[in-house]
Amino acid sequence: MTSKNQRFEQLFQSNVKLSAYSTYEIGGEARHLALPRTIEELSTMLHGARTKGLNPFLFGSGSNTLFPDHPDEEMLFFSLKEHIEFKLLPGRLFVSAGTPMTLLALFGLYTGISAFDFTFLLPGTLGAGVYMNAKYFSHQISDVLETAYVIDKEHPEKGIISVPLGSCEYGYKKSIFMRMPWIVVGADLKLPVDPKLTPQETDELFAKLKAKNLSSSVLPDYYRHYTNELNIAAKQGLEVRQELLDVIADRGGKLHFDFPSCGSVFKNNYTIGEPMGKLVDRIGLRGTVIGGAMISDHHGNIIQNRGGAKASDIVDLVHLVQEKVEAEFGFVPEPELVIV
């Protein structure tokens, strides 16, 4: 019988470049990286990390994360992007934390449910969306969440903990998950209508969605892959709602996927009255270059890797924006980018 320690050793990889797991395509070599496919494997990895004195760092697809150029050798990096699971339940849909949010929009496309359209082309996983209350225009994860499921990374022996929507402390890119030592492992999402699928049709749909998953963190690949899925669906006779086409026009028009980036770097400060992109424009920082990184010349709240950028280049631009915005507008913008 395989012990927990033996299973731990089997599950993690050694000396892996984190740049392959980030939409920034930045990050040095991690001594330890794990890709758990189930909650059980995640629990095993957390137990092993605690036993060996390693510091666990959890992420999904790396779309909102800047990895260091020289990772700490005592860190165990976990990507949940291989943990993809759907389960259709009465009035709700269980989705695992590693499931790309775009697959939720595809689920809605195939079932005629529009509630998840706003998740299309959000290049992150559901776990990250629940963690930060991911938002696109007027819609956010809290609109569709019923219950989140977490594991306490300091006490994984407690098992899975349920957190109902009313306890999530949601605000604008704010939640209880940001201040608790919890790992989001999945969530029940509200279904406004019953998809009316037979068990066989349900299994077939979930198998189809898993097959459409793209594990790459390269943004141009991501954009091409999932926009093409709409073309495939249309050729199959499915109605592609205008909301999905509007997402393509908006995000594609802002060149969100042309270069490696994390999307928006800073949270908006709604007391100011203008979004961060506009503020950065007003102080003339669009197009500013440090090393291989550049503030997008199309959108002031996006910092791009224009080729060979290091984490330090991105951080230097973050600090530059904070310094200039504080001097001009009297506040220090808060990054939504997680800088490891």
Side-chain angles (χ1 to χ4, degrees), residues 17-27 59-67 81 100-103 105-106 117-125 128-129 134-137 212-232 240 243-268 275-281 284-318 320-321 333 335-339:
K17 285 204 172 286
L18 292 172
S19 56
Y21 293 88
S22 166
T23 57
Y24 255 130
E25 298 181 38
I26 290 173
F59 65 100
S61 58
S63 60
N64 205 41
T65 306
L66 180 65
F67 292 119
K81 67 193 295 185
M101 283 189 281
T102 285
L103 291 190
L106 294 185
D117 285 355
F118 76 98
T119 65
F120 187 60
L121 295 184
L122 284 178
T125 59
K135 186 175 186 292
Y136 184 68
F137 285 134
K212 293 181 181 301
N213 175 55
L214 179 71
S215 61
S216 170
S217 294
V218 178
L219 286 177
D221 293 349
Y222 175 90
Y223 181 75
R224 284 191 296 267
H225 176 79
Y226 286 117
T227 53
N228 187 52
E229 287 300 329
L230 296 193
N231 296 329
I232 293 172
V240 177
E243 289 84 353
L244 296 171
L245 300 177
D246 289 345
V247 171
I248 294 175
D250 176 62
R251 297 178 73 84
K254 292 174 182 174
L255 307 186
H256 280 193
F257 303 99
D258 285 37
F259 296 95
S261 78
C262 74
S264 295
V265 174
F266 298 99
K267 298 178 182 180
N268 291 321
M276 274 300 302
K278 295 289 187 184
L279 299 183
V280 173
D281 291 351
L285 288 182
R286 273 203 304 182
T288 302
V289 175
I290 293 180
M294 183 178 91
I295 298 175
S296 170
D297 50 4
H298 282 81
H299 193 295
N301 199 14
I302 295 177
I303 298 177
Q304 301 167 329
N305 175 1
R306 298 290 289 220
K310 296 182 178 180
S312 56
D313 298 333
I314 305 293
V315 171
D316 286 347
L317 282 176
V318 167
L320 175 65
V321 170
E336 63 178 81
L337 169 66
V338 176
I339 300 172

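These figures come from a predicted structure and were not determined experimentally. The analysis underlying the following values was restricted to heavy atoms, covering all of them including side chains, and did not include hydrogens, waters or symmetry mates.
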Handout entry: For Ile295 against Gly300, the heavy-atom pair lying closest together
Key =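 Closest heavy-atom pair between Ile295 and Gly300: CG2-O, 3.7 Å.
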Fill in the blank from the handout: Ser63 and Thr23 have their tightest heavy-atom pair at CA-OG1, 3.3 Å
Are [X] and [Y] packed together at the side-chain level, in the sense that at least one heavy-atom pair is separated by less than 4.5 angstrom?
X: Leu106; Y: Leu230; value: yes
X: Ser22; Y: Thr65; value: no
X: Pro100; Y: Asn213; value: yes
X: Phe120; Y: Ile248; value: yes
X: Leu219; Y: Pro123; value: yes
X: Phe59; Y: Asn64; value: no

Problem - Stepwise side chain to side chain contact (heavy atoms under 4.5 Å, CB included) check, Asp117 with Val247 - result: CA-CA 9 Å; Asp117 285 355; Val247 171; over 6 Å; no
What distance do [X] atom [atom1] and [Y] atom [atom2] have between them, rounded to the nearest 0.5 Å?
X: Arg286; Y: Asp297; atom1: CZ; atom2: CG; result: 7.0 Å
X: Leu285; Y: Thr288; atom1: CG; atom2: OG1; result: 4.5 Å
X: Lys212; Y: Thr102; atom1: NZ; atom2: OG1; result: 13.0 Å
X: Thr227; Y: Tyr222; atom1: OG1; atom2: OH; result: 10.5 Å
X: Ile314; Y: Leu337; atom1: CD1; atom2: CG; result: 8.0 Å
X: Lys81; Y: Ser61; atom1: NZ; atom2: OG; result: 6.5 Å

Keeping [X] on the side-chain end and [Y] on the backbone end, is there a donor-acceptor pair under 3.5 Å?
X: Lys278; Y: Val280; result: no
X: Ser264; Y: Glu336; result: no
X: Tyr24; Y: Ile303; result: yes

Handout entry: side-chain contact (heavy atoms from CB on, under 4.5 Å) partner of Met276, the single match among Asp281, Ile302, Val321
Key =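 Exactly one candidate clears the test, Val321.
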Practice task
List for me each residue that meets side-chain contact (heavy atoms from CB on, under 4.5 Å) alongside Val218, sequence neighbours excluded, and say none if there are none.
Solution key: Glu25, Ser216, Pro220, Asp221
Problem - side chain to side chain donor-acceptor pair (under 3.5 Å) against Asp313, all qualifying residues, sequence neighbours excluded - result: none
Problem - Pairs involving residues 244-253, ordered by first then second residue, that meet side-chain hydrogen bond (donor to acceptor under 3.5 Å, both in side chains) (sequence neighbours left out) - result: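 Non-adjacent pairs meeting side-chain hydrogen bond (donor to acceptor under 3.5 Å, both in side chains): Tyr136-Asp250, Gln242-Asp246, Asp250-Lys254.
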Problem - From CA spacing to verdict: side chain to side chain contact (heavy atoms under 4.5 Å, CB included), Cys262, Leu66 - result: CA-CA 8 Å; Cys262 74; Leu66 180 65; over 6 Å; no
Handout entry: Check: Phe67 ring centre within less than 6.0 Å of Tyr21 ring centre
Key = no
Exercise for the section: Could you check whether the rings of Phe257 and Tyr223 sit parallel, tilted or perpendicular, using 30° and 60° as the cut-offs? Expected result: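 It falls in the parallel class, under 30°.
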